[in-house]
Amino acid sequence: MTGKAAIIGGGVIGGGWAARFVLNGWDVAVFDPGPDAARKLEAVLDNARRALPGLGDVALPPEGRLTLCESLAEAVVGAAWIQESVPERLDLKHRVYAELAGHVAAGAIVGSSTSGFKPSQLQAGQALAGQIVVAHPFNPVYLLPLVEVVGSPANDAAMIARACDVLRGLGMRPLHIKAEIDAHIADRLLESVWREALWLVRDGIATTEEIDDAIRYGFGLRWAQMGLFETYRIAGGEAGMRHFMAQFGPALAWPWTRLVDVPELTEDLITRIADQSDAQSGAHTIRELERIRDANLVGMMRALAANDWGAGAVQNAHDAAREDAAGLVAHADDLTDPGQPVLTLTRTVPLDWIDYNGHMTEARYLDAFGQATDRLMKMVGCDAAYIASGGSFFTAETHIRHLDEVRAGAPVTVHTRVLAGAGKKMHLWHEMRSGARLLATGEHMLLHVDLATRRASPPPPAIAGPLKRLAEAQAAQPWPEGAGRAVGAPR
Ligand SMILES: NC(=O)C1=CN([C@@H]2O[C@H](COP(=O)(O)OP(=O)(O)OC[C@H]3O[C@@H](n4cnc5c(N)ncnc54)[C@H](O)[C@@H]3O)[C@@H](O)[C@H]2O)C=CC1
Ligand SMILES: C[N+](C)(C)CC(=O)CC(=O)[O-]
């Protein structure tokens, strides 16, 4: 699902929204009267282009068109989604909604990025009330999937469901919060940790860096993949959550937190925090820190995707929903021209595939060819259900030729030929390209295996049939240059 989105306010968050929409194929119009808006928007987009396209295993659609508009009215013409991302001031947000009222289409959704206002506060006195909904994202909006969606009685359920569908189409994870509350869910949690941290700095107990270390070397990593309660369930040992509650429940009555108290943000405290933060991170510009953060997030989220877990599972669902549009065919018998090499991979080189030479590292060629092999297996019927039933293919031999280099952010495809597919054997030939450039070839011999005995065995007809048909259809193609070759000079 694509269309046109209008972003009102193109700062940290509006810029992130613009990037998420545009990189998912939407046309985007931004209105921001700030003098520096165009430069800041480009800087966010540059970083987003570097990080997001490689996050998933399936290529994103071609980028939409991005326009910076002179007026709010111009930006919202024809927009199906308007995302208000102006500063966190209710009077300002109200002024924006009032101006939108004459220009927004009847079915359009007006999402607000507000960190803390309730939807009924945003909607109060507004002609567009029924169209306004909280859509609270997390920075960087182009990478993090969570978006808190909060409506009020003024919104009908179908509109909220439609809003969630649009957000899912952008690869996001809408969390529909059923009751209105100041600061929604996530900012309540963040605010409580922040308050506690401010006390620790104010009282001279820890520096900003020590507090960050306490998070990032420990529980921050746990939270990133399991959150709070699932983590504590495990901390209760085999007896689980009840035991955890019994052990740590009494601590709730002890002075472990100053949560109800807020330290006064005196000039002295602000200066202390700003100075400590400069000492901690001042060696990097904000844009450099964003790139470091993005590379870390991409690596972590791709690790989560490998386990189909949490934020990684959201990315996998987005990839799966995009397969058709990216030209990937589900089953070999559905190919329009099975005589041609089959598209088995179309993706962007992700940040975590790059090595010290500044190009895609050798192990990732095998990773990419492995993904292509997995798809070919699936296409001939060797899918997850079949593997769970006790059969699969094992790779017996691989020969990769590295012919040209490729850098992060480059689009790559793999097309695959079945050189032989009979009996227990499946002989594959992969060609990896970036555009017309041939980057690598991969030749792989696989054997069908009975997973109970771990021994080679002939595949059942449901797999042998499609594999044989594909091999026969491609047999007329000339033998690929380089196939069957040994490494090094002939002896
Ligand atoms: N910064 C963050 O970490 C997060 C912020 N938010 C929320 O997103 C919203 C925006 O915050 P940021 O992007 O951080 O602020 P920001 O200050 O980076 O950007 C706000 C932008 O709005 C523009 N602006 C001001 N008045 C405008 C108007 N009348 N029409 C159009 N544009 C106008 C400004 O020129 C500026 O570029 C706030 O509601 C905030 O609570 C939500 C999630 C995270
Ligand atoms: C600090 N903050 C309240 C603006 C944070 C958010 O709203 C969400 C985030 O990205 O952390």
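Quick caveat: nothing in here was measured; it's all calculated off a predicted structure. All residue numbers in this chain count up from 1 along the given sequence. Just so you know, ligand 1 is whichever comes first in the structure, and atom 1 is the first atom listed for that ligand.
- Between Asp57 and Gln371, some side-chain heavy-atom pair lies under the 4.5 Å cut-off.
- Asp187 OD1, 3.6 Å is the protein heavy atom nearest to atom 5 (C) of ligand 2.
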**Request:** Start with the C-alpha distance between Lys378 and Asp383, add both sets of side-chain angles, then the distance that settles salt bridge (charged side-chain N to carboxylate O under 4.0 Å, His left out), and finish with yes or no.
**Result:** CA-CA 4 Å; Lys378 220 166 151 186; Asp383 56 14; over 6 Å; no

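- At a 4.0 Å heavy-atom cut-off, ligand 2 touches Leu190 through the side chain alone.
- In this structure, ligand 1 sits under 4.0 Å from heavy atoms belonging to Ile8, Gly9, Gly11, Val12, Ile13, Phe31, Asp32, Pro33, Gly34, Ser85, Val86, Pro87, Glu88, Leu92, Lys93, Ser113, Thr114, Ser115, His136, Pro137.
- The shortest non-hydrogen separation linking Gly171 to Val314 is O-CG1, 3.5 Å.
- In terms of protein heavy atoms, atom 10 (O) of ligand 2 is closest to Asn139 N, 3.0 Å.
- Counting only heavy atoms, the protein never gets under 4.0 Å from atom 1 (C) of ligand 2.
- Judged by the shortest distance from any of its heavy atoms, Glu191 lies outside the 4.0 Å radius around the atoms of ligand 2.
- Counting only heavy atoms of the protein, atom 9 (C) of ligand 2 lies nearest to Phe138 CD2, 3.5 Å.
- Interatomic distance, Thr271 OG1 to Asp278 CG, rounded to the nearest 0.5 Å: 10.5 Å.
- Between the side chain of Glu180 and the backbone N or O of Gly151 there is no donor-acceptor pair closer than 3.5 Å.
- Note on ring orientation: taking the six-membered ring where Trp is involved, the planes of Phe369 and His430 are parallel (angle under 30°, cut-offs 30° and 60°).
- Given atom 4 (C) of ligand 2, the protein heavy atom at minimum distance is Ser115 OG, 3.4 Å.
- In this structure, Arg347 satisfies the cation-pi test against Trp353, with its NZ or CZ atom closer than 6.0 Å to the six-membered ring centre and inside 45 degrees of the ring normal.
- Take His402 and apply the ring-ring contact (aromatic ring centres under 6.0 Å, His included) test, not counting sequence neighbours, and it matches Tyr365.
- Between Cys164 and the options Val147, Val133, Val149, a side-chain contact (heavy atoms from CB on, under 4.5 Å) holds for only Val149.
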